[in-house]
Amino acid sequence: MTRYIIKRLLISIPVLLGISLVAFFLVQASGDPMAVYISNPNLSAEDIARLEKAYGFDKPVYVQYFYWLRKAIVGDWGQSFLTHQDVLLMIRQRLGNTLILMGTSFAITLIISLALGMYSATHQYSPADYLVTAFSFFGYSMPSFWFGLMLIIIFAVKFREWGLPYLPAAGMYPIRGEPSFFQLIRHLILPATVLSLISVAKYTRYLRSSMLEVIGQDYIRTARAKGLSERVILWRHAFKNAVIPLLTIIMLDIPQLFSGALITEQVFAWPGMGRMYWEHAVWIDYPVLMGIILLVSTLVVLCNLLADISYAIVDPRIRLS
Amino acid sequence: MTHRNLNILLALLTILTLILAACAPTAAPTEKIVTQVVKETVKETVVVAGTPQVVEKVVEKVVTPTPEPEKPKGTVVVGVWQEPKGLIWNIFYEAHTNDILDSMYYAPVALNEKDELVPEMLQEIPTLDNGGISADGKTITLKFKDGLKWHDGQPVTSEDFKFTWQFVVDPNTKSQTSIGWDRIESVDTPDNLTAIVHLKEPYVPFVAAVLSFPVLPKHALEGVPDPGNSEFARKPIGNGSFIFQEWVPGDHITVVANPEAMKQPKIEKIIFKFVPDMNTLVALLRTGDVDIAYDLRELQIAEVLKMKDVEPYVVPGVAVERYYFNLRDPNDLTKPHPIFSDIRVRKAVAMGMDRFTAVSRILQGYGEVAVTELDNHPWFNEELQPVPYDPEAAKALLDEAGWKDTDGDGIRDKDGKKLSFTHSTTAGNQVRENLQVFFQQNLKDIGVEMVIQNYPAATLFGGCADNGIFGQSKFDMIGFTNKPASIDLAQEWADFFLCDAVKNCETNPAGTNAWGYCNEKTDAALKCAIGEVDPDKRLACIKEAQKLIYEDYIALYVYDRLDVYAANKRIGGFNPTVFGSWTWNFEDWYVQE
């Protein structure tokens, strides 16, 4: 096992290098970081030429890549062209906010889809099963910018106008007044609802089909024949086995907790990673983009490894070598 | 002189001295005064038998009450859709960053409610008449007001002004803009309140453009290695009406009233809340969470009008949406453009686009058909009228230029080449795209094919190295909006049309005249607009240049954008102007409860 882990970790180095190379060239090819300055009327031609030189944009792209790589390897992820701040600091400032939002919605998603998925599987083709399926696809196909805005208009604007208890529309804490844990929960409700509704469909469908497969297995029939109660059969025998493939999917979704939700953060003015990525992507601020891409791709590689290891732990039939 | 007269004179002198002496202790203007009778010991010069003597005597005087200065109260929340990248104006130069900095900094000169230049940190505006500007236009003398202080208590001096110049032009600062500041040869500071600026050449926009930027504190920024990444960039020390309090990244910036400000604010606190999504911002305006919003779109006016607690403010804009014709072949810039190098074609295309209907229908009347780049500006040449929509005249011009539909496909051609061109602007802007489709149809009616080819902003405005459309002049017609950064826009305006500014990636990669326009007469008029010290002659040159550019049909000015603001009715004193924007009078804002 230890050997396997070391081997996998070593393989991940060229993988990450490859990702960084592709990402760097893609980012570079998508536009000119100097455009932010060129569209600014108060910059003279000389100013632009001077800045281009100062940032090294006059060099070929591959030279810029090696320059970036040399520093990134020793932990210096560079400075944003826009804010001049260290990229690592900027990520640290936003990461916590994103984890709060994404973690909450992930937990809600898991709880809801567990309940719905189990119910659906045990009541296959019942009206309730169809309802769950319809509901989950409804959420899945909902564009988050529109759905978020609707929730804001209903629960933040209309409820307030009707004199009902209302929810805040934007931010993590009230604009006027002191931040508190209670306020954070209130501010979390709307964005977390949007995010979980969208991903509930995926997990519900996975769990439902996985459960259905397990329920049809011989050992479940054996358990029934032994006269075990339906409850014990479902939860001790069926669920434990059905959840194994789900584990992989959960593991692979973990990097998302860190990368944030671009549109939802934008709509709800949540100061997180997704919004930061968007704001810097518009102006090709590649040190920030590369920082986030590298962080997330490292997590993807690690979580893949974790998924494989955890799989081996819960399912003794699987041997890693 | 008789003895009697001398006595009267002496008596008058005595009274005068007494008044002067009595005035002295109340000179400090910030002192709180209530109605009271004060007993004071006054030193008096009394002339006894011809010799002046100083005696002390107790006098009673009534001190007239001045209204008690009101303590600033209330909080105003301003919704800001774009977060500043940092808080040093020259390094993070962006309009919305300067808006926020305006609350924390005074500038040497500022604009009043009529958009007239008034002194702010200076005692008076330097002009030719008062000797502040030398006859050759190369020396400008600045006299700063006494008693200005940085928020950390240090006095503001002429050394700070000199430092600001050095800071802006120092390449290590990574300053974004140095426009105007780079014209300074040297600055002398004979005393703490005087700065004498020596320019390399006469540069008339200096006073209105350069002096409207904040002065930076020398004691806080001198010797800081990477100022853009310094603590100061996140926690600035200003000298203005409000003091920086906090910046929560991604969330808000808060400033609080400066009790020692030259112009006392009436409100206690301003919160600049970052709301990146316009629709969310409008929702927050409606709930009253946000008091003031700016940069709203024209089409949102109707939505704001429906809110009972919020009032829209609409100001004629100086941001002009325009389309430039490329005069050079985008595939080979040494050759003239195959279609647009002929002025008759440019004129026909301009006359073939129905901007009047576009403004009334697509913009629902919120905007005005544009004439030149200087619409709504005091320098506007009133002789000029908007290019008319005249498809018949356009057709006649195209016929005359030899473009005829010989193959019957509805598109004119000449020597086997179709009269077809691409039109590029920023992708994803709904209003722009609607306009394009509308004009495309207009042009089809006169036998011209307009192909829409839009790009993301970063590509459209990209430079030489990155295959930028603007940078490599790879367009037939390019559309964007430019909003001048200051009321004296001569330089930035001229940079679009000067021969030296013609963009060429090999020889002049930093040029901004991407359309390759060069006309000797226009060049001379524009240079005069930048260098002529005599205000009347200068204005004549500016009007001349406008006319020449207009008559050369180098650009089609589509429409003047409106500046749309909204403020909750509980906020008083909010009064946006054309050039002063909404930030010229933070001190006048108040909250009605």
Side-chain angles (χ1 to χ4, degrees), chain A residues 28 30-52 54 57-58 79-80 82-86 90 93-94 97 145 148-149 152-153 156-157 160 166 168-176 266-272 275-276 278-279 282-284, chain B residues 75 77 83 85-86 91-94 171 174-179 182 226 228-229 233-234 248-252 271 273-277 279-280 283-284 286-287 289-290 456-463 465-468 470-471 480 482-486 491-492 495 501 508-512:
Chain A
Q28 285 279 345
S30 55
D32 181 1
M34 294 302 293
V36 67
Y37 303 124
I38 290 167
S39 60
N40 187 333
N42 214 34
L43 260 67
S44 70
E46 289 76 25
D47 288 332
I48 290 165
R50 181 170 46 71
L51 286 167
E52 204 154 28
F57 294 143
D58 51 344
Q79 287 177 7
S80 159
L82 298 181
T83 69
H84 297 232
Q85 279 177 302
D86 292 336
M90 292 171 71
Q93 281 174 346
R94 301 294 184 105
N97 302 342
F145 72 92
L149 207 62
I152 290 177
I153 289 172
V157 178
R160 193 159 175 176
Y166 58 91
M172 286 177 75
Y173 297 105
I175 302 175
R176 299 163 220 255
Q266 186 87 357
V267 170
F268 289 94
W270 194 270
R275 197 173 125 200
M276 181 165 83
W278 164 248
E279 280 163 4
V282 174
W283 295 114
I284 329 282
Chain B
T75 299
V77 179
E83 184 172 4
K85 317 282 193 285
I91 299 178
F92 305 98
Y93 188 84
E94 275 177 304
K174 289 190 194 155
S175 182
Q176 274 193 25
T177 176
S178 66
I179 200 165
D182 53 5
D226 184 0
N229 193 18
R234 316 287 139 194
V248 178
D251 202 68
H252 67 270
I271 299 171
K273 169 80 184 173
F274 312 131
V275 185
D277 188 278
N279 296 312
T280 311
L284 290 174
R286 194 159 150 191
T287 58
D289 286 317
V290 162
T459 309
L460 188 78
F461 297 117
D466 299 85
N467 287 322
F470 178 92
F480 59 89
N482 185 41
K483 184 171 184 167
S486 95
Q491 181 70 53
E492 45 183 302
D495 277 339
N508 188 12
T512 45

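Throughout, a chain's letter reflects where its sequence line sits, starting with A, and its residues are numbered from 1.
With rounding to the nearest 0.5 Å, the separation of CD1 in I153(A) from CG in N279(B) is 7.5 Å. With rounding to the nearest 0.5 angstrom, the CD atom of E94(B) is 7.5 Å from the CG atom of L82(A). To the nearest 0.5 Å, the span separating CZ on F92(B) from OG1 on T83(A) amounts to 6.5 Å. The line from CD of Q85(A) to NZ of K85(B) is 12.0 Å long, rounded to the nearest 0.5 Å.
At a threshold of 4.5 Å between non-hydrogen side-chain atoms, the residues R160(A) and R286(B) do not count as touching.
With a 4.5 angstrom heavy-atom cutoff, M172(A) touches chain B only via backbone atoms. Proximity to chain B involves both the backbone and the side chain of Q266(A), based on heavy atoms less than 4.5 angstrom apart. Proximity to chain A (any heavy atom under 4.5 Å) is shown, for P456(B), by neither the backbone nor the side chain. Heavy-atom distances place both the backbone and the side chain of I175(A) under 4.5 Å from chain B.
Ranked by heavy-atom pairs shorter than 4.5 Å toward chain A, the options R234(B), K174(B), E83(B) are led by R234(B). Contact tally against chain A (heavy-atom pairs below 4.5 Å) for S175(B), A233(B), G250(B): the top residue is G250(B).
A donor-acceptor pair under 3.5 Å is formed between the side chain of T280(B) and the backbone N or O of V267(A). Listed for the R176(A) side chain is no donor-acceptor partner under 3.5 Å among the backbone atoms of I271(B).
Checked against side chain to side chain donor-acceptor pair (under 3.5 Å), Q79(A) has the following partners two or more places apart in sequence or in another chain: D226(B). With sequence neighbours left out, D251(B) forms a side chain to side chain contact (heavy atoms under 4.5 Å, CB included) with P271(A), V248(B), K273(B).
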Please lay out, stage by stage, how Y173(A) and H252(B) fare under the test side chain to side chain contact (heavy atoms under 4.5 Å, CB included).
CA-CA 11 Å; Y173(A) 297 105; H252(B) 67 270; over 6 Å; no
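Of all non-hydrogen atoms in A156(A) and T287(B), the two that sit nearest each other are O-CG2, 3.6 Å.
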